[in-house]
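One structure is given below, encoded as structure tokens.
Positions are given from 1 along the sequence. We count ligands from 1, going down the list as the structure has it; atoms in each ligand are counted the same way.
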Amino acid sequence: MTTLAEQPCTACDAGAATLTPIEIDKLLPELPQWQILEHDGIMQLQRSFTFRDFAQALSFTNRVGELAESQGHHPALTTEWGKTTVTWWTHKIRGLHRNDFIMAARTDEVAHSYAGEDRCLRRSSVSPGTPSSG
Ligand SMILES: C[C@H](O)[C@H](O)[C@H]1CNC2=NC(N)=NC(=O)C2=N1
């Protein structure tokens, strides 16, 4: 069985159905660090990644941006000192599609390439010992 990250994104047109709560519940265990949130009635998938500093957070942001461009599917990205928040949803269907879960899994793979570079993968945006300097 292939992992989410190994699966291809599929073409999604404006008439495609959003994932049902049951379908979301089936997929979410593969993304334990991600959370489902609703913004303006739109279900979204979100995770914050912590980094050593702004430069590393920006590098990660750019790598996720390149991934998005390669797939024609784009997240919202918020980059701050030591943190990048990634939010996936499918604009054209105003909700979550399987593609969003695939791209979240691929986002985790990008983050893993920073593992050991003095950072930690955490769901919460603040990891203990994160410098408070702005
Ligand atoms: C024309 C362009 O391919 C479409 O607008 C793509 C661009 N990237 C996208 N990204 C996301 N997350 N949802 C979309 O519906 C979407 N549509």
When you look at R63 and S113, which way does the side-chain hydrogen bond (donor to acceptor under 3.5 Å, both in side chains) test go after all the steps? CA-CA 11 Å; R63 295 252 325 261; S113 66; 3.2 Å; yes
Taking atom types as modelled, find out whether W88 and T107 have a side-chain donor-acceptor pair closer than 3.5 angstrom. yes
Would you call R94 and D40 a salt bridge, taking side-chain N to carboxylate O under 4.0 Å as the test? no
Residue-level breakdown please: for W88 versus ligand 1, do any non-hydrogen atoms fall below 4.0 Å on the side chain, on the backbone, on both, or on neither? neither
Stepwise side chain to side chain contact (heavy atoms under 4.5 Å, CB included) test for L96 and T18: CA-CA 5 Å; L96 286 171; T18 55; 5.8 Å; no
Please tell me if atom 1 (C) of ligand 1 is touched by the protein, where touching means a protein heavy-atom distance below 4.0 Å. no
Starting from atom 14 (C) of ligand 1, find the nearest protein heavy-atom neighbour and note its residue, name and distance. H91 N, 3.5 Å
Considering heavy atoms of the protein only, find what lies nearest to atom 8 (N) of ligand 1 and give residue, atom and distance to 0.1 Å. H74 ND1, 2.8 Å
Nearest non-hydrogen protein atom to atom 15 (O) of ligand 1, with distance, is K92 N, 3.0 Å
I'd like to check whether W89 has a polar contact with ligand 1, where a contact means an N/O of the residue lying under 3.5 Å from an N/O of the ligand. yes
Would you indicate whether H91, at its atom NE2, is surrounded by more than 12 heavy atoms from other residues, nucleotides or ligands within a distance under 6.0 Å? yes
Assess whether a salt bridge exists between K83 and E80, defined as any Lys/Arg side-chain N lying under 4.0 Å from an Asp/Glu carboxylate O. yes
To the nearest 0.1 Å, how far is atom 3 (O) of ligand 1 from its closest protein heavy atom, and which atom is that? G72 O, 4.4 Å
Within a distance of under 4.0 Å, is there any protein heavy atom near atom 17 (N) of ligand 1? yes
